[in-house]
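Values in this document were obtained by computation on a predicted structure and should not be read as measured data.
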Amino acid sequence: MSQKPEDFFKNIISHSKEYGYIFQSSEIYDGLSAVYDYGQNGAELKKNIREYWWRAMVQMHENIVGIDAAIFMHPTTWKASGHVDAFNDPLIDNKDSKKRYRADVLIEEHVAKIEDKIEKEVEKAKKRFENFDEAMFRSTNARVVEYQNKINDINNRFKNAMNDGNLAEVKQIIVDCEIVDPVSGSRNWTDVRQFNLMFSTAMGSVDGEGSTIYLRPETAQGIFVNYLNVQKTGRMKIPFGIAQTGKAFRNEIVARQFIFRMREFEQMEMQFFCKPGTEKEWYEYWKDARLKWHHSLGLGKENYKFHDHVKLAFYANAASDIEFQFPFGFKELEGIHSRTDYDLKQHEQFSGKKLQYFDPEEGASYVPYVVETSVGLDRLFLSILSAAFKEEKLQDGETRVVLSLPPALAPIKAAVFPLVKKDGLPELAEKIINQLKFDHIVTYDEKDAVGRRYRRQDAIGTPYCITVDHQSLEDGTVTVRHRDTMQQDRIKIEALNDFLNERVSMKSLLKQL
Ligand code: GAP
């Protein structure tokens, strides 16, 4: 159904609330910005996504093991990792509205507006000229060239300013671009300052410098500091990986787009330790493996693309994002980074402990290189939800809202309905629930006409609805209605477990990897 992307996104947000997927945190107190709670269906979907990731990483790879490190870590961890000194966003306040913005986001949005103007020129020309050559038009049309030069100039100035830590120049770009505060409409800006994104608190009863402790801004450091523990106790041989899922916290200045950018979120990260010199091979391997994992969800290959980083962090020798087409455009979903031996060496230096690996084949010790895969669970949840959410016009003119979730991830695998609330049909439906519940989460519903019950389950994303009718009492069969095709089959009650196992188990997803 064609509608504006922002309306489509609003519908997804209200649908998630209406059907118990996601609620604003502490809603009865008017909510807490950029913090969300998962409801009864959301918690199941999130758990299933996490489990699919874990199985694909840990269960399917003999050389990957999983850990669960604490959120609190020794504060020196964050000195060593560079987060205390460099995990910053440049921020700027508008003196009239008192609103705070990320300076880089203001500049990015300004550039996006100029890009829109270029697109409009291109669209206009497309309509005007037959045999339209877009590349030629972009390089010769005076207005488009002028816009493009402007963009290049802003981007270059910004990149250089950030590289040099020149915050005065960042402000000057905002002034020169005549960027106005969307709230007050004024250009009355403060200077740009760096703002550290880590949340801090105090440990124990003493407050002050020495007791400051951080909520981890990424799970990766819990893996690095345990690398030797796991290698030794698991007798792991290089190459091997350590996987972990868990909460991370960032005091995002501009937190928006629902669960895309949150202040409390969950990451699923894997650090793959390999011999120096082999990291590029493993980087390519993990890029491929992770894209395949996303494709296996069946949400459309066209929704994913790589964005290889041209400018790399000083410690990385390759980096790429898997981007997903969210309702608000292609955005980062997962990062795959070749981080060299930077993190382990930093921890060696700050802790004074050796974090080396003795390679029996080489007869020598070295600090391993690391390839990291890092995906946000909530962001992944949003990608799945937005690709699965459909508003379909049916032949009878009605609209049905359906969440075409991958069956293996759906919160409820089947709903069981008695056709009517009498004649022993509810009792038989309960018996079927008791037969299925050892394998799957199933639900019972006897309220309203069957058609309405189907619609309710479609909106939740339940892949199968099982209806018990009078024929069931005679021949022990039921109808099974498929969520996506709405087709119905007649199936023996004793065959239901096998039917569901085959269609909703994670095995079918894992086999595609
Ligand atoms: N250890 C590497 C690391 O943390 P990152 O690019 O900062 O890298 C990795 O984060 C992933 O975590 C992102 O690709 C995104 O999916 C997710 N993520 C990061 N910040 C987030 C936020 N504020 N809210 C939700 N997800 C976030």
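- With a 6.0 Å cutoff to the six-membered ring centre and a 45° limit on the axis angle, Lys331 does not count as a cation-pi contact of Phe260.
- In this structure, Lys46 is positioned above the aromatic face of Tyr38, its NZ or CZ under 6.0 Å from the six-membered ring centre and within 45° of the axis.
- In summary, the side chains of Glu269 and Thr219 do present a donor paired with an acceptor at a separation below 3.5 Å, with no hydrogens or angles considered.
- Among Arg216, Glu218, Arg261, Arg263, the one residue that satisfies the side chain to side chain contact (heavy atoms under 4.5 Å, CB included) test with Arg250 is Glu218.
- Ring geometry for Phe224 against His347 counts as tilted: the plane angle lies between 30° and 60°, on a 0 to 90° scale.
- For His294 and Glu334, the side-chain atoms include at least one donor-acceptor pair closer than 3.5 Å.
- When only modelled atom types and interatomic distance are considered, Tyr444 and Glu446 share a side-chain donor-acceptor pair under 3.5 Å.
- The ring of Tyr36 has its center no closer than 6.0 angstrom to the ring center of Phe23.
- Side-chain contact of His482 with Gln487: a donor-acceptor pair under 3.5 Å is absent, judged by distance alone.
- A salt bridge between Lys17 and Glu27 is present, with a side-chain N of the basic residue lying under 4.0 Å from a carboxylate O of the acidic one.
- Shown are Arg400, Arg452, Lys390; of these, the salt bridge (Lys or Arg N to Asp or Glu O under 4.0 Å) with Asp458 is made only by Arg400.
- Looking only at atom types and distance, the side chain of Thr462 has a donor-acceptor partner in the side chain of Gln457 under 3.5 Å away.
- By the 4.0 Å N-to-carboxylate-O rule, Glu372 lies close enough to Arg339 to be salt-bridged with it.
- Using cut-offs of 30° and 60° on the angle between ring planes, the pair Tyr285 and His61 is perpendicular.
- A centroid separation of less than 6.0 Å is found between the aromatic rings of Phe8 and Phe389.
- In this structure, Phe326 and Phe9 have side chains that are not in contact, with every pair of non-hydrogen atoms separated by 4.5 Å or more.
- Note that Arg503 lies in the cation-pi zone of Phe499, set by a 6.0 Å cut-off to the ring centre and a 45° limit from the axis.
- A side chain to side chain contact (heavy atoms under 4.5 Å, CB included) with Val480 holds for exactly one of Leu500, Ile466, Thr467; it is Ile466.
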